[in-house]
Amino acid sequence: NPILETMTTKETNSTATSSTYTYQSRLPRLPVPPLDDTLKKFLDTVQPLLSSTQFAETKEIVKDFKKKDGAKLQKMLKEYDKLTSFGSYVEEFWKNAYLAPDTSVVLNSNPYFLFEDDPDSKSQIQRASSLTFQSLRFAASVKNERMKPDDVKGATLCMEQFRSLFGSCRIPRDRKDVIKTHSDSDHVAVLYRNQFYYFRALWPKKEGEVKVAVDEEDIVEILETIVEDGKKQDWVELTEGAVGALTTLNRDQWALAREQLLNCSIGNTRALDIIDSALFVLVLDDYQPTDIHDAAANMLHGKHIIKETKHNDNNYHRKQQERYHQAGTCCNRWYDKLQLIVCSDGSAGINFEHSAVDGHTALRFASDIFAETVVTFAKSITKSIYTSRGCPLASMIDANVMRAAAVTKDSNSLDTHPKKIEFDVSRTLKDSIFFAETSLGDNIYANDTHILEFNKFGKSFIVQNRLSPDSLVQMSILIAYYRLYGKIVCAYEPVLTKRFFHGRTEAMRSTTAKAAQLCQIWTSATKTNEEKINALRESTQYHSKLVKEASEGKGIDRHLYALQCIAKKNVEKKRSPMPELFESEAWEALNHTVLSTSNCGNPALRLFGFGPVIPDGYGIGYIIKDSKIQYSISSKHRQTKRFAHALSQTLQEICDILKKPLRSQSMECHNNQVTSATTKTLGQRKVHWKMDYFMCGASSISGEAATKESRDEESSYSRKGKIDRKNSWRKAVPNFG
């Protein structure tokens, strides 16, 4: 059986013989932080979120926890860490936090990427063929273990998540989902107008190598055939049988519907197995986004379009059920897998299931395949110049292609022709599909996505002003919220911990005491520009310090969450009651994440985003580029566009103030009679300037993007010397990442 249950296998630090996993055995294990350190940081973290009375009560609760339950739970966690078969002390608990909640993955878990436009303007099928071909090469490279390991500033990162990137699927179960990975997956599933197709695209491993069986021209022909066939069927009938809509249901409902689907026929079992085991799903949307906001929303949750149904028959059930039908793209999805989505205008992106793969892993995939399309385009430009020795541009992906169409037809040939996947859908299942679509429609209309593309400055300008780009963006978000609502609220930013074996992310709580003070100073009419900039520097420096600590496994969220999971097991076994700390107002405040944020992107992406994690929250994904900052902002029933305007206003103010010389930075006339004491003072100021720079910039290893690019630029600049299941989701995984 090619299906591997990733949740049950015992992980070992075995050394792979190839480059991709060579360093796995050398990676350190994620450390269990000292309890005293975590509790002290916990108090520092929650103080800005609590009243003075609440904070005084919290200090007593923490003091009591440290003496009683905390020490026992810490000991149990350390023993668990020694004995567990999982890769870290938090891995099992964190996987369960994703897989146990009953909520739909749409808008609650799955993030999206929107690619930049293709350098060579392409039609939908051409763009889809190009990205699919490079994705197949990337998949072959992963299977052949030839992909170079990720690293940040010379530190090698864990590559374990790439084993689950292709051929994996989230399977709904009654109480907790599972992730199944098909190690010998060789085909691509295609969705067009709610219909499923597939074609084989990789050769079986032979002589230790997996080769790609189709090239771009082959894929163009395959997709043209699929589109031609997909247009034949009546759209209303396609909507009634849109099985993909079932993946948008709450997980318990989807588990029940999946069982009904399996019980309908043996053919359905085979159809689901083909989809589950596919390398990924290529989605062809018969839709052209109207603007950038619409494009982002389409990648996040699909488009909801209702059209009137005109019936020419006497189908009583259909007439009674609905006069209108779904004509959008929201049902043209399979949210349990990695999806490559291409619209009719050639715009493209990714929506990925998040429980086994973080943004940093998906970003490597997206970056490499996009970069390869750029390289291919560059080679097409220069092929007439480099006629004899070939273009000197090297490929990003190491994979070989052996076209199946060029191989002599024999017993070893590979059939790459597209095939349609047919489902036997009962009347009961058609009702389930209809109700899934209407429920999804409510969620889509309750969600608002707005894009802010701020182009007045970007990373270069921020670094020139001796500030950390990521920390400044975090502060801009907090200031914008405060100026709009006058409140200090909890904010979350995931920080990469993949330098550890099976590391994923740690939480960075951006709402520090210094950040709260900044919000008050920045929005005050009586504070000077110099006071505002000083507050901005202090808050960003402190933020960068905490980010660095989180990247080293010294955060508080994962540690406290693991302790809480141990405590829950004790409660279930009636060993002890739940400690007061985990039922306190402070704990509730920490996990009520109004501002869920993440920094994940590079020049390959135009946008990155996700939904809010609580009903009164915002989901904010951002990408910091050299000369601009791009935000994707989502919320439910809140003033998303107005918040984006407040954010833009804040960024403009930062730009204006940083461009103005402050009194301490003003230019003075040169005086030939300058004293040695004055020279010494200027020299000290210069030294202090450099130290201040390194303090605020050195720790910007932020978010799921690992921010290697940002840190490299800052270092380069400094060297130049210049400027219960139903309720578990909200408590278990309160944030993206």
Side-chain angles (χ1 to χ4, degrees), residues 114 291-293 296-297 300 447-459 461-462 465 467-493 508 510-512 515-524 532-533 535-536 539-540 543 593-601 605-614 616-659 702-703 705 710 735-736:
L114 178 67
D291 55 31
I292 189 61
H293 313 288
L300 179 60
N447 188 82
D448 182 27
T449 299
H450 190 84
I451 304 305
L452 170 62
E453 295 188 285
F454 187 82
N455 57 16
K456 299 296 180 64
F457 68 82
K459 182 173 61 179
F461 176 77
I462 300 171
N465 283 279
L467 293 165
S468 162
D470 180 75
S471 297
L472 183 139
V473 170
Q474 284 290 317
M475 295 306 109
S476 73
I477 293 169
L478 293 172
I479 294 171
Y481 191 92
Y482 186 80
R483 83 185 317 148
L484 194 59
Y485 299 104
K487 294 180 180 179
I488 302 296
V489 295
C490 183
Y492 169 103
E493 177 185 13
M508 162 57 202
S510 304
T511 310
T512 62
Q517 186 179 30
L518 167 67
C519 292
Q520 295 164 355
I521 292 174
W522 196 273
T523 56
S524 171
K532 293 179 179 181
I533 291 301
L536 180 62
S539 60
T540 54
H543 178 274
T593 306
V594 175
L595 298 172
S596 179
T597 73
S598 187
N599 172 11
C600 185
L605 302 184
R606 183 173 181 183
L607 295 172
F608 150 69
F610 47 92
V613 298
I614 57 174
D616 61 334
Y618 286 97
I620 306 172
Y622 57 93
I623 301 174
I624 308 171
K625 296 189 177 180
D626 286 339
S627 58
K628 58 185 174 181
I629 308 171
Q630 292 151 306
Y631 300 81
S632 173
I633 309 168
S634 295
S635 75
K636 300 179 188 294
H637 304 295
R638 299 204 70 171
Q639 301 176 78
T640 316
K641 185 176 182 179
R642 191 175 182 184
F643 177 79
H645 287 162
L647 184 54
S648 179
Q649 179 184 349
T650 300
L651 292 169
Q652 185 62 59
E653 289 174 355
I654 292 173
C655 180
D656 292 342
I657 293 176
L658 288 176
K659 283 183 176 180
S702 176
S710 173
N735 314 281
F736 172 80

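For clarity, every value in this text was computed on a predicted model and none was experimentally measured.
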From His543 atom NE2 to Ser468 atom OG, the distance as rounded to the nearest 0.5 Å:
7.5 Å
Any donor-acceptor N/O pair, Thr512 side chain to Ala515 backbone, under 3.5 Å:
yes
Pairwise distance OG(Ser598) to CD1(Ile620) - rounded to 0.5 angstrom:
11.0 Å
Between Lys625 and Glu453, is there a salt bridge with N-O shorter than 4.0 Å?
no
side-chain hydrogen bond (donor to acceptor under 3.5 Å, both in side chains) evaluation trace for Asn599 with Thr597:
CA-CA 7 Å; Asn599 172 11; Thr597 73; over 6 Å; no
For Asn455, what residues pass the side chain to side chain contact (heavy atoms under 4.5 Å, CB included) criterion, not counting sequence neighbours?
Lys628
Sequence neighbours left out, what passes salt bridge (Lys or Arg N to Asp or Glu O under 4.0 Å) with Lys532? Give chain and number order.
none
When every non-hydrogen atom of Leu518 is compared with those of Ser539, the smallest separation belongs to CD2-OG, 3.2 Å
Nearest atoms (heavy-atom pairs only) where Phe643 meets Leu595:
CZ-CD2, 4.5 Å
Check side chain to side chain contact (heavy atoms under 4.5 Å, CB included) between Asp448 and all other residues, then give those that pass, not counting sequence neighbours.
Thr640
Would you compute the distance between atom NE2 of His450 and atom NE2 of His645 and round it to the nearest 0.5 angstrom?
5.0 Å
Would you call Lys459 and Ile629 a side-chain contact if the rule is heavy atoms closer than 4.5 Å?
no
Verdict with supporting geometry, Arg638 and Val594, side chain to side chain contact (heavy atoms under 4.5 Å, CB included)
CA-CA 11 Å; Arg638 299 204 70 171; Val594 175; 4.0 Å; yes
Who pairs with Lys641 by side chain to side chain donor-acceptor pair (under 3.5 Å), at least two apart in sequence or on another chain?
none
Measure the shortest side-chain to side-chain distance between Tyr618 and Val489 over non-hydrogen atoms and say whether it is less than 4.5 angstrom.
no
Can you tell me how far the OG1 atom of Thr650 sits from the CD1 atom of Ile477, to the nearest 0.5 Å?
10.5 Å
Taking atom types as modelled, find out whether Gln474 and Asp470 have a side-chain donor-acceptor pair closer than 3.5 angstrom.
no
Please examine the side chains of Asn447 and Leu300, heavy atoms only from C-beta on, and report whether any two atoms are closer than 4.5 Å.
yes
Between the side chains of Tyr631 and Ser476, does any donor sit under 3.5 Å from an acceptor?
yes
Side chains of Leu607 and Ile292, heavy atoms from C-beta outward: is any pair under 4.5 Å?
yes
Spatial distance of atom OG1 (Thr523) from atom CD (Glu653) [nearest 0.5 Å]:
9.5 Å
Please report the C-alpha distance between Lys456 and Leu651 in whole Å, then the side-chain angles of each, then the deciding distance to 0.1 Å, and finally whether the side chain to side chain contact (heavy atoms under 4.5 Å, CB included) criterion is met.
CA-CA 9 Å; Lys456 299 296 180 64; Leu651 292 169; over 6 Å; no
Are the side chains of Tyr622 and Leu452 in contact, using a 4.5 Å heavy-atom criterion?
no
Do Ile451 and Gln630 have side chains that approach each other closer than 4.5 Å (heavy atoms only, starting at C-beta)?
no
Those residues that, when tested against Gln517, pass side chain to side chain contact (heavy atoms under 4.5 Å, CB included) (two or more places apart):
Ile521
Taking side chain as C-beta onward, heavy atoms only, is Cys655 less than 4.5 Å from Lys659?
yes
How are the rings of Tyr485 and Tyr481 set relative to one another: parallel (under 30°), tilted (30 to 60°) or perpendicular (over 60°)?
tilted
Ser635 to Pro612 - nearest heavy-atom pair and separation:
CA-CG, 3.8 Å
Could you please spell out the steps behind the side chain to side chain contact (heavy atoms under 4.5 Å, CB included) verdict for Leu114 and Phe608?
CA-CA 6 Å; Leu114 178 67; Phe608 150 69; over 6 Å; no
Do Ser634 and Thr449 have a side chain donor and acceptor closer than 3.5 Å?
yes
Mind running side chain to side chain contact (heavy atoms under 4.5 Å, CB included) on Met475 and Trp522 for me, showing each step along the way?
CA-CA 10 Å; Met475 295 306 109; Trp522 196 273; over 6 Å; no
Distance from Ile657 atom CD1 to Leu536 atom CG, nearest 0.5 Å?
9.0 Å
Sequence-distant partners of Thr511, side chain to side chain contact (heavy atoms under 4.5 Å, CB included), two or more places apart
Pro48, Leu49, Leu478, Ile488, Ala491
Taking Gln520's backbone N and O only, do any of them form a donor-acceptor pair with Ser524's side chain (distance below 3.5 Å, no angle check)?
no
Heavy-atom side-chain proximity of Leu472 to Asn465 below 4.5 angstrom
no
